[in-house]
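Here is the structure we will look at, set down as C-alpha cells.
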Protein chains: 2
Amino acid sequence: MSENEHASVSLSLSALFLDIFRTNGSLVAAGDQLVAPLGLTSARWQVLGAVAMAPVPQPVAHIARDMGLARQGVQRLVNDLVDAGVLTLQDNPHHRRAKLVCLTPPGHKLFSSVHALQRPWVDGLAQDLDPAKLAVAAEVLQALRQRLEAGLEEDRD
Amino acid sequence: MSENEHASVSLSLSALFLDIFRTNGSLVAAGDQLVAPLGLTSARWQVLGAVAMAPVPQPVAHIARDMGLARQGVQRLVNDLVDAGVLTLQDNPHHRRAKLVCLTPPGHKLFSSVHALQRPWVDGLAQDLDPAKLAVAAEVLQALRQRLEAGLEEDRD
DNA sequence: ACCCATTTGACAATATGTTGTCATATTTTG
DNA sequence: CAAAATATGACAACATATTGTCAAATGGGT
C-alpha cells in the first residue's frame, strides 16, 4: 500500500470516529425518547435488557463486564432500578456479597412493554438497510473495539 | 424480502447498537489515555479539534451544532478551556453576545502536540483495515444517524 | 491453617452530557 | 418601525460514566 493510500485509511478512520460519536449520541437521545413513556432512560433500558436476556441471574460486576462499562456505573443503575421496584437482589449461594440481580414481576412486565416498543422502532430503522452492509459495519466496529481495548491493556476497572 | 430476512436485519441492527455503545466507550477511554499526558481528556480534545479545524472562528452554539452535542455541554467545555488558557473569546462584530472561540498561542502549541500524538495512534489502529469496509461502516452509521435524528424531529436544543 | 491477590459492593469525587429557565441580542414578519 | 420568533450564553439541576478508596468476601498457594 502506498503512503497516500495508507494516509487515506487513517483519515477515513478519523472520520469514522466522529460518526461513532455522533451516532452514539443520537442513539442515546432516540432511546431516551422512545422509553420515556415507560419511565425509563437509555441506560436503564440497557441494564434491564442485560438482566432480562441473561440465561441465569448474575452479580453486578459480571453484568458490567458483559456490557463493557465500569462496574460502578452499572452498580448505581442497578441500585436505582432496585429502588424503583424493577429489579431485586437475590442471595448468591456462591458469594455472600455478590448478590444476583433478578427481575421482579413488575420488572418482567416492564421488559415486555419495552420490547413491544422496541420492535417496531428497530424495524422502522432497519427498513431498507442492506444486511450485508450492516454486517460489514459490525465487523469494522468489532475490529476497532478489539484494537482499542487491547491498547487499554485491561485497565477498565 | 421475506419476514425472516426482515427480522434478521432488525436483529443485526440491535446487535450493531451494542457495538456502537461499546466502541464509543472504548474510543473515549482510549482517547482519554492517549491525551492524558497533555492534561487533556477526550471531550476537551474534541472541542479543541473543532476549534482548530474550523476555517474561521465560530461561536459556541455553532460549534455545538457541528459536533452534534447539546449547546450547553460544549459551552461548559469551552469555558473550562478558556479558564485553562487554551482558548479565548474574541469579540464578534456580528453579534454582541456570541463571542468567537479562538485558540491562544499555548492552545496552538497544545493542538500541535495533540496532533503529533494522534497521528501515529490512528495510523496504528488503521493498520490492515480495509478502506472499502471503513467506507461501508461510515455509510451505515451516517444512514442510521440520519434516521435517528429525523425521528428526534430536531428536538436537540 | 495462613497469607495474599483478586473480586465485589459501598461511598465519594469528578468529568461528561442533557434539559430547563432566564435575560439579552438578533432576525423575521406583519 | 414594532412585535414576535429565534438564537445565544449564564446558571442550575440532573443523568450518566469513570476513577479512586475502602472493607468484606473469595480463592489460591504455601
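Below, read A as the first sequence line, B as the second, and so on, with proteins coming before strands; counting in each chain starts at 1. Any value given below was found using the heavy atoms of this structure, including those in side chains, with hydrogens, waters and symmetry copies removed.
The line from CG of B/Asp19 to CD of A/Gln142 is 4.5 Å long, rounded to the nearest 0.5 Å. Here B/Lys99 contributes atom NZ and B/Thr88 contributes atom OG1; the two are 9.0 Å apart, rounded to the nearest 0.5 Å. To the nearest 0.5 angstrom, B/Leu100 atom CG is 8.5 Å from B/Gln58 atom CD. In this structure, B/Ser42 OG and A/Phe17 CZ are separated by 10.5 Å, a value rounded to the nearest 0.5 Å. Atoms CG and CG, from B/Leu16 and B/Leu141 in turn, are 6.5 Å apart once rounded to the nearest 0.5 Å. The line from CZ of B/Arg22 to CD of A/Glu149 is 5.5 Å long, rounded to the nearest 0.5 Å.
Counting only heavy atoms from C-beta outward, the side chains of A/Val86 and A/Phe111 never approach each other to under 4.5 Å.
Summarising the geometry, the separation between CG on B/Leu87 and P on D/dG9 is reported as 13 Å, rounded to the nearest angstrom. The CG-C1' distance, from B/Asn24 to D/dA17, rounds to 11 Å in whole Å. Between the C1' atom of D/dA24 and the NZ atom of A/Lys99 lies a distance of 13 Å, rounded to the nearest Å. Computed from coordinates, the A/Ile63 CD1 to C/dT8 P distance equals 11 Å when rounded to whole Å. Rounded to a whole Å, the NE2 atom of B/His94 is 13 Å from the C1' atom of C/dT26. One can place NE2 of A/His62 at 17 Å from C1' of D/dT26, the figure rounded to the nearest angstrom. To the nearest angstrom, P of C/dT7 lies 16 Å from CD of A/Gln58. The distance from atom NE2 of A/His95 to atom C1' of D/dG27 is 10 Å, rounded to the nearest whole Å.
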Take A/Gln118 and A/Trp45 through the side chain to side chain contact (heavy atoms under 4.5 Å, CB included) test and state the conclusion after the steps.
CA-CA 10 Å; A/Gln118 177 186 0; A/Trp45 172 19; 3.7 Å; yes
Side chain to side chain contact (heavy atoms under 4.5 Å, CB included) assessment of B/Asn92 paired with B/His95
CA-CA 5 Å; B/Asn92 183 349; B/His95 196 303; 3.8 Å; yes
Please write out the pairs of protein N or O atoms and N or O atoms of nucleotides 10-16 of chain D separated by less than 3.5 Å, giving the distance to one decimal.
unit_1	atom_1	unit_2	atom_2	d
D/dA10	OP2	B/Gln75	NE2	2.8
D/dA10	N7	B/Gln72	NE2	3.2
D/dA10	N6	B/Gln72	NE2	2.3
D/dC11	N4	B/Gln72	NE2	3.0
D/dT16	OP1	A/Thr41	OG1	2.3

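The side chain of B/Leu69 has C/dT18 as its nearest neighbour among D/dT18, C/dA25, C/dT18.
Heavy-atom nearest nucleotides on DNA chain D were determined for B/Val60 and for A/Gln46, and the one closer to the 5' end corresponds to B/Val60.
Residue B/Val74 is out of contact with every strand shown, counting any heavy-atom pair closer than 4.0 Å.
Axis angle across the helix from C/dA1-D/dT30 to C/dG30-D/dC1, with five pairs used at each end and values rounded to 10°: 30°.
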